[in-house]
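Here is the structure we will look at.
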Amino acid sequence: MKSSTERICLDHITIVLQRPRFPENIGAAARAMRNMGIRRMIVVEPENYDISRVLKMATHVAADVVQEIQIAHDLRGALSPFHLVVGTTARLGGEREVVQSPSHIAFRLISLSQENTIAIVFGPEDRGLSNEDLRLCHELVNIPTAEFSSLNLAQAVMVICYELFTAGRPLMEQNIPRLATRHELDGMYDQLRDILVRINYINPENPDYWMNKIRRFFTRLQLKAGEVSIIRGVCRQIDWYGKKRHECRNDGCGIDSPN
Ligand code: SAH
């Protein structure tokens with residue numbers, strides 16, 4: 001089992017476009033790949049490979065991806081060196097029975113991609129991958145959509161590349177909160193119970209009834225240490241204010257904050 005901080009080996013991923021019809025889509029797909037750190041592209045039997053139209057959509061940033069595109073003459077030959085072939089499909093049913101979501105496949109590729117080369121295949125804009133093409137794929141992936149399921153080719157490439165790029169991001173890159181410890185939480189609950197009883201918010205005969213509700217509510221929030229400090233600060237202030245009011249009833253003094 002690989003560690004949760006591992007990422008997909010993007011160097012082992014190749015985007016394969018089967019018979020794309022519009023050079024602009026090839027360029028936009030190259031740009032999407034470049035955004036997500038994927039550089040290898042194979043284009044099989046492009047209908048009209050006009051490099052200037054490809055480059056226009058790729059922009060200069062993805063020009064290197066475009067320069068290195070391999071042009072292939074049949075899908076079977078293009079896919080033969082790969083260890084795993086993943087097909088993408090907008091349609092479901094028939095030969096497209098077992099399909100996975102992009103995030104699910106990305107998760108699986110975290111470990112597989114360390115030792116294996118992987119091709120992700122996209123079909124032509126008008127008809128998608130044929131049944132014969134699909135038989136070359138080990139797995140199929142579908143991007144969930146509302147009722148209109150067919151994405152623009154380059155946008156489908158972007159969604160898949162994004163999932164591959166973000167899968168298994170090292171935990172360091174994510175903003176991981178420091179949750180409050182059990183000890184910090186228990187201190188907060190004691191203080192809350194005390195103050196809520198004293199201000200008559202909860203019944204002193206049965207404080208646990210309300211405290212359990214409050215605990216459940218806070219547990220759902222997964223409080224951070226700093227947030228526990230805020231709640232404890234509010235309790236202290238309520239406590240201080242109540243005492244001060246009590247004293248002032250007797251001698252009429254002004255109220256200043258303790259802070
Ligand atoms: N009209 C075709 C869709 C072609 S779109 C059809 O109904 O099959 C061109 C390619 O983009 C598809 O072959 C597929 O590779 C990809 N694509 C588009 N929408 C997709 C989706 N919802 N899920 C997965 N891939 C999709």
Side-chain angles (χ1 to χ4, degrees), residues 8 10 12-36 38-50 53-54 56-58 62 65-66 69-80 82 84-109 112-113 117-167:
I8 292 181
L10 297 175
H12 286 177
I13 303 285
T14 299
I15 299 298
V16 180
L17 304 186
Q18 160 75 332
R19 296 187 174 165
R21 301 189 61 197
F22 303 106
E24 288 79 6
N25 278 336
I26 302 174
R31 180 176 180 168
M33 289 167 56
R34 191 66 163 76
N35 285 137
M36 298 297 145
I38 297 172
R39 289 167 168 273
R40 293 169 204 276
M41 183 189 251
I42 298 178
V43 178
V44 184
E45 291 187 293
E47 199 160 289
N48 173 14
Y49 194 67
D50 176 343
R53 284 168 64 191
V54 173
K56 199 166 172 189
M57 288 304 281
V65 175
V66 174
I69 286 175
Q70 292 175 40
I71 304 290
H73 298 292
D74 83 302
L75 187 62
R76 180 181 290 275
L79 296 178
S80 63
F82 290 94
L84 183 73
V85 177
V86 178
T88 57
T89 177
R91 273 175 290 151
L92 302 172
E95 300 226 6
R96 299 160 175 84
E97 224 166 67
V98 185
V99 291
Q100 308 191 43
S101 71
S103 56
H104 185 260
I105 195 93
F107 179 74
R108 288 198 40 239
L109 293 188
L112 278 174
S113 67
T117 53
I118 294 146
I120 319 266
V121 190
F122 294 80
E125 293 88 336
D126 49 353
R127 288 196 302 271
L129 293 171
S130 67
N131 286 342
E132 196 186 331
D133 298 336
L134 292 174
R135 283 181 213 124
L136 299 171
C137 302
H138 298 103
E139 320 211 1
L140 290 182
V141 75
N142 168 258
I143 301 163
T145 59
E147 63 274 17
F148 177 40
S149 67
S150 174
L151 274 75
N152 162 268
L153 171 60
Q155 289 174 356
V157 170
M158 179 45 130
V159 171
I160 299 292
C161 290
Y162 169 80
E163 290 291 347
L164 300 180
F165 175 72
T166 53

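Both counts, for ligands and for their atoms, begin at 1 and track the order of listing.
Contacts between A156 and ligand 1 below 4.0 angstrom, taking non-hydrogen atoms only, involve the side chain exclusively. No part of P144 comes within 4.0 Å of ligand 1, judged by heavy-atom distances.
The ligand atoms of ligand 1 that sit less than 4.0 angstrom from a heavy atom of N142 are 22 (N), 23 (N), 24 (C). Of all the atoms in ligand 1, the ones that sit under 4.0 Å from a non-hydrogen atom of R127 are 2 (C), 8 (O). Residue contact check: T89 has heavy atoms under 4.0 Å from atoms 21 (C), 23 (N), 24 (C), 25 (N) of ligand 1.
Rounding to the nearest 0.5 Å places CD1 of I105 at 4.0 Å from CD of E139. Considering NE2 of H138 and CG of L84, their distance stands at 6.0 Å, rounded to 0.5 Å.
Here's the thing with V141: none of its N/O atoms is less than 3.5 angstrom from an N/O atom of ligand 1. Polar contact with ligand 1: absent for L153 (N/O pair, distance under 3.5 Å). Among the atoms of F122, none of the N or O lies under 3.5 angstrom from an N or O of ligand 1. Of the polar atoms of N152, none of the N or O atoms is found under 3.5 Å from an N or O of ligand 1, judged by distance alone. The shortest N/O to N/O separation between T145 and ligand 1 does not fall below 3.5 Å.
The pair E125-R21 fails the salt-bridge criterion, with no side-chain N (NZ, NE, NH1 or NH2) lying under 4.0 Å from an Asp/Glu carboxylate O.
Taking a 4.0 Å cut-off on heavy atoms, I160 fails to register as neighbouring ligand 1.
Looking from atom 14 (C) of ligand 1 to the surrounding protein, the closest heavy atom is T88 OG1, 3.4 Å. At the shortest separation from atom 6 (C) of ligand 1 among protein heavy atoms lies R91 NE, 3.5 Å. If you check which protein heavy atom lies closest to atom 3 (C) of ligand 1, you get S150 OG, 3.3 Å. In terms of protein heavy-atom proximity, atom 12 (C) of ligand 1 is nearest to G123 N, 3.9 Å.
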